[in-house]
Amino acid sequence: MPDIRTRFAPSPTGYMHIGNLHTALFEWLFARHHGGQFVLRIEDTDEARHTPEAVTVIYEGLRWLGLDWDEGPDVGGPYAPYIQSERVDIYRHYLARLLEQGLAYECFCTPEELEQQREALRARGLPPRYEGRCRRLSEREKAALRAVGRPACIRFRTPETGQTVIRDLIQGEVVYDNALLGDPVIGKTSGFPTYHFAVVVDDFEMRITHVIRAAEHLGNTQIHLLLQQALGFPSPQYAHLPLILGEDRSKLSKRHGAVSVMDYAERGFLPEAMFNFLALLGWSPGGTEEILSREEIIQRFTLEACSASPSVFDLTKAEWMNGEYMKAMSGEEIARRLLPYLQKQGLFEGNPAPERLAWLARVADLMKERAPLLTTFTTWARYFFTDDYPYDEKARKRWLTKPDTPQTLRALADRLEALGDWSAQSIEAEVRGLAEELGVSAGQVIHPCRAAVTGTTVGPSLFHLLELLAQQDVIHRLRRAADQFAEDLPAD
RNA sequence: GGCCCCAUAGUCUAGUGGUUAGGACUCCGCUCUUUCAAGGCGGCAGCACGGGUUCGAGUCCCGUUGGGGCCA
C-alpha cells in the first residue's frame with residue numbers, strides 16, 4: 001500500500017481519555033507498520049472552547065505514550081492548518097458548492113419547531129429524525145424568511161432510497177438504509193461546519209487513506225460516505241476499533257474514575273507498559289507472548305488481527321504488566337523515573353548528588369521485584385526515605401506488641417551501634433548472634449526488627465534493606481519502637 | 001423507541017469444520033525463604049441459549065437472550 005496516512009482527531013476537551021489514547025495508538029501503529037504518516041488534527045468546531053491548555057493536554061498524552069506525529073498544529077505540514085477552527089474558509093467553500101448544486105439546502109426551522117416535530121414523530125412511535133420541512137422551499141419563501149431575520153442552517157440532502165454499504169476493515173460489511181436517515185445539519189447558523197462536514201472535508205483535504213476510529217462512529221460513517229459522494233471525494237478505507245469498556249461494561253468514561261491518561265502516569269504506570277497493555281486490548285499478535293517491545297508490536301500489527309468485540313479495561317492486569325516492566329528495568333532507569341514522584345511527596349531532595357542517585361538505584365534494584373508501580377516506592381517502600389512511616393496492623397499485632405519485643409529491639413540496637421562495618425553480611429552476623437545469645441530462632445529477631453524499621457511484615461531481604469539505610473537511622477528506629485511499645489504494654 | 005455492532009472462564013485473548021478448547025491476569029492450594037505483596041510448582045473456572053447445514057460445529061446460517069453503541 002503506497003503512502004498510508006492515518007490521523008488522530010481529538011476534540012480539545014481539556015483532558016485525554018485512556019480510550020482516546022487507545023485509538024491514537026492503533027492509528028499510529030498502523031501508520032508506523034506501513035511506514036506511512038500519522039497526522040494530528042484538532043477538531044474544535046463544536047464549541048468555541050478550544051484553549052491552548054486543552055491542546056497541550058493532548059500533546060502531553062501522546063508524548064507520554066511515545067506517539068509522535070508527522071503533521072499537526074505544532075509541527076505544521078503540507079495540509080496546514082491542522083486546527084479546524086482555522087479552516088473555516090475551506091468548509092465554507094465546499095458548503096457553498098453543495099448549496100449551489102442543490103445537494104444541500106437552507107433550513108429555517110427554529111429549535112422549538114424542531115422539537116415539536118420530533119415530539120410529533122415520537123408520539124406516533126417513529127424515530128425522531130428531521131422530516132425535511134425546508135427541503136423544497138421556493139426562492140420566495142426563503143426570501144420571506146430571511147426578511148424576518150430567521151437564521152438558517154445548512155442541511156445535507158440525503159438520498160431517500162437505496163442503501164449505503166460500509167466495508168469496514170474490522171467490522172466487516174455493514175449496510176444502512178438511506179430512507180431511515182434524516183437530513184443532517186452540515187453548516188450551523190453561526191457559519192461553522194458541523195463535525196460530520198468538517199471530518200469529511202479534512203480527511204479528503206489531508207489525503208487520509210485510512211480512517212481508524214472508535215466504533216461509536218460506525219453509524220456516522222453512512223453520512224460521511226454519502227457526503228463524499230456528493231462532494232465527489234474518493235472514500236478512504238474505514239476501520240472501526242472496538243470500544244474500551246469500564247468494569248461495568250459500559251463505555252469507559254469520566255464516571256469510571258481515573259480515566260485520563262495523566263491519571264495513569266500519576267499512579268506510577270510506565271508508558272512502555274501502558275503501550276504494551278493498550279496494544280493488547282482489541283489486538284492480538286497471535287502467539288502466546290504478551291510482553292512485547294514497541295518494535296515488535298509495530299512490526300506485527302495488522303488491522304486483520306484486530307477484534308470486533310469491545311474489551312474491558314482491567315486495571316489489575318495492567319498493574320501486573322507494569323510490574324513485569326519494572327522487573328526488567330535497571331535500577332538506574334527506575335531511579336531516574338522515580339525522582340519526580342519522590343520529590344513531589346517531599347521524600348527526596350531536588351538536584352541530588354550522583355552518589356544519592358546511585359543509592360536510589362540500589363533501593364530500586366532491591367524493591368523492583370515486588371513493585372508493580374512506580375508509586376509503590378512512595379507507599380510500601382516509604383521507609384527508605386523517611387522515618388515518618390506507619391506501623392501496619394499486622395506488624396503491631398504479630399511482633400511489636402509482643403512482651404519481649406522492646407528488649408529484643410534494644411539489644412539489637414546496642415549490638416548494631418557497636419558495629420563498625422555496616423554491610424549486609426555484618427548486620428546478618430549481628431542479628432544471628434543476638435538470636436543465639438537469646439536462645440531463640442533468627443526469625444524471632446528478624447521479624448520484630450523488620451516491623452520496627454519498616455512498619456510492615458513484608459518486603460525485601462532484611463539485611464540488604466538495612467544495609468541501604470543509615471546505621472544511626474536504624475538504631476534510632478529500633479529504640480523508638482522499643483520505647484513506644486514498652487509504654488503500651490501493661491506494667492506488671 | 002428505531003438502526004447498528006458484539007458474544008470462548010470474573011477479565012484480556014488463541015482458535016478460521018475433526019483440538020484432552022491453548023496462553024495470560026485474578027483467585028485458591030502447595031513449596032522455598034528471615035517475611036510476602038517476591039520466586040518455583042500445581043489447581044478451580046469457559047465456547048450464552050435454541051434451531052438448522054454437515055459424517056462431524058466453539059468455528060457456517062437463522063432465531064432468541066444478553067451486553068454495548070449511535071440517533072434525539
Side-chain angles (χ1 to χ4, degrees), chain A residues 111 114-115 117-119 121-130 164 166 168 170-182 184 214-223 240-252 276-291 304-324 326-327 366-373 376 379-381 392 394-395 398-399 427-428 431-432 435 441-451 454 456-466:
Chain A
L114 290 170
E115 188 46 44
Q117 291 169 29
R118 272 187 236 117
E119 268 316 312
L121 285 167
R122 257 193 292 258
R124 284 193 283 149
L126 296 169
R129 66 193 177 89
Y130 184 65
T164 301
I166 303 164
D168 192 274
I170 294 172
Q171 306 288 337
E173 208 174 88
V174 185
V175 182
Y176 286 95
D177 218 328
N178 293 337
L180 264 22
L181 188 65
E216 56 195 315
H217 291 295
L218 184 58
N220 295 334
T221 311
Q222 178 185 20
I223 294 172
H240 286 90
L241 262 14
L243 251 27
I244 306 299
L245 273 26
E247 300 286 331
D248 64 351
R249 303 206 70 94
S250 67
K251 185 170 76 164
L252 200 62
N276 192 162
F277 182 72
L278 250 22
L280 257 29
L281 235 43
W283 172 73
S284 169
T288 58
E289 326 94 289
E290 294 197 284
I291 306 295
E304 291 72 44
C306 287
S307 159
S309 57
S311 49
V312 173
F313 186 90
D314 183 1
L315 191 62
T316 310
K317 183 155 184 180
E319 287 187 4
W320 163 79
M321 186 168 282
N322 202 69
E324 294 300 303
M326 296 279 283
K327 282 175 204 169
L366 191 63
M367 269 304 289
K368 67 183 189 185
E369 281 287 322
R370 61 202 77 223
L373 299 167
T376 304
T379 55
W380 293 352
D392 73 29
K394 234 173 154 182
R398 290 188 58 183
W399 302 107
I427 295 166
E428 177 161 12
V431 169
R432 293 194 188 279
S441 69
Q444 295 300 306
V445 177
I446 288 170
H447 299 312
C449 177
R450 179 191 296 282
T454 72
T456 78
T457 58
V458 299
S461 158
L462 181 71
F463 313 119
H464 292 91
L465 175 169
L466 293 179

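Throughout, a chain's letter reflects where its sequence line sits, starting with A, and its residues are numbered from 1. Keep in mind that this is a model prediction, so the values were computed, not measured.
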Q: Could you state the atom-to-atom distance from CG of A/L315 to C1' of B/G10 in whole Å?
A: 15 Å
Q. Which nucleotide, B/G39, B/A37, B/G23, lies nearest any side-chain atom of A/V458?
A. B/A37
Q: Whole angstrom is fine here: how far is it from CZ in A/R118 over to C1' in B/A72?
A: 6 Å
Q) Which pair of heavy atoms, one from A/S309 and one from A/P242, lies closest together, and at what distance? A) O-CB, 3.2 Å
Q) Is B/A24 paired to anything, Watson-Crick or G-U wobble with both distances less than 3.5 Å, and if yes, which nucleotide? A) B/U11
Q. Distance between the P atoms of B/G43 and B/G22, in whole angstroms?
A. 11 Å
Q) Whom does B/C3 pair with, Watson-Crick or G-U wobble, provided both distances fall under 3.5 Å? A) B/G69
Q. B/A14, B/C6, B/U34: which one has an atom nearest the side-chain heavy atoms of A/S284?
A. B/A14
Q) For A/S441, which contact category applies under a 4.0 Å heavy-atom criterion: base, sugar-phosphate, or nothing? A) nothing
Enumerate all atom pairs, one protein N or O and one N or O from nucleotides 67-69 of chain B, separated by less than 3.5 Å.
residue	atom	partner	partner atom	Å
B/G69	OP1	A/K251	N	3.3

Q) For A/I446 and B/C36, what is the distance between atoms CD1 and P respectively, to the nearest whole Å? A) 13 Å
Q. Whole Å only: how far is the CG atom of A/L241 from the P atom of B/C5?
A. 17 Å
Q: Have a look at A/A442 and say if it touches a base, only the backbone sugar-phosphate, or nothing, with a 4.0 Å heavy-atom cut-off.
A: nothing
Hey, what are the protein-to-nucleotides 26-33 of chain B N/O distances that come in under 3.5 Å?
none

**Q.** Interatomic distance at P, B/U35 relative to B/G39, whole Å
**A.** 16 Å
Q. Near A/H217 NE2, under 6.0 Å, is it more than 12 heavy atoms from other residues, nucleotides or ligands?
A. yes
Q) Heavy atoms under 4.0 Å, any strand shown: does A/G459 hit a base, just sugar-phosphate, or nothing? A) base
Q. Between CZ of A/R432 and CD1 of A/I446, what distance do you get to the nearest 0.5 Å?
A. 5.0 Å
Q: Sort out the partner of B/A48 for me: Watson-Crick or G-U wobble, both distances under 3.5 Å, none otherwise.
A: B/U64
Q) Does A/K327 place a side-chain N or O at less than 4.0 Å from the phosphate oxygens OP1/OP2 of B/G39? A) yes
Q) Which is true for A/G282 with a 4.0 Å heavy-atom rule: it touches a base, it touches only sugar-phosphate, or it touches nothing? A) sugar-phosphate
Q: Indicate, with a heavy-atom threshold strictly under 4.0 Å, whether A/P460 touches base, sugar-phosphate, or nothing.
A: base
(Q) Under 4.0 Å from OP1 or OP2 of B/U13: is there any side-chain N or O of A/T288 that close? (A) no
Q.
Counting the atoms with a prime plus P, OP1 and OP2 as sugar-phosphate, which does A/G182 contact under 4.0 Å by heavy atoms, base, sugar-phosphate, or nothing?
A. nothing
**Q.** Length of the line joining A/L181:CG and B/G2:P, which is rounded to integer Å
**A.** 18 Å
**Q.** Whole-Å distance separating the CD atom of A/E428 from the C1' atom of B/U35
**A.** 14 Å
Q: Figure out the CG/C1' separation between A/N322 and B/A24, and round it to whole Å.
A: 16 Å
Q.
Considering every strand and a 4.0 Å limit on heavy-atom distances, what is the contact class for A/Q171: base, sugar-phosphate, or nothing?
A. sugar-phosphate
Q: Could you state the atom-to-atom distance from CE of A/M326 to C1' of B/A38 in whole Å?
A: 13 Å
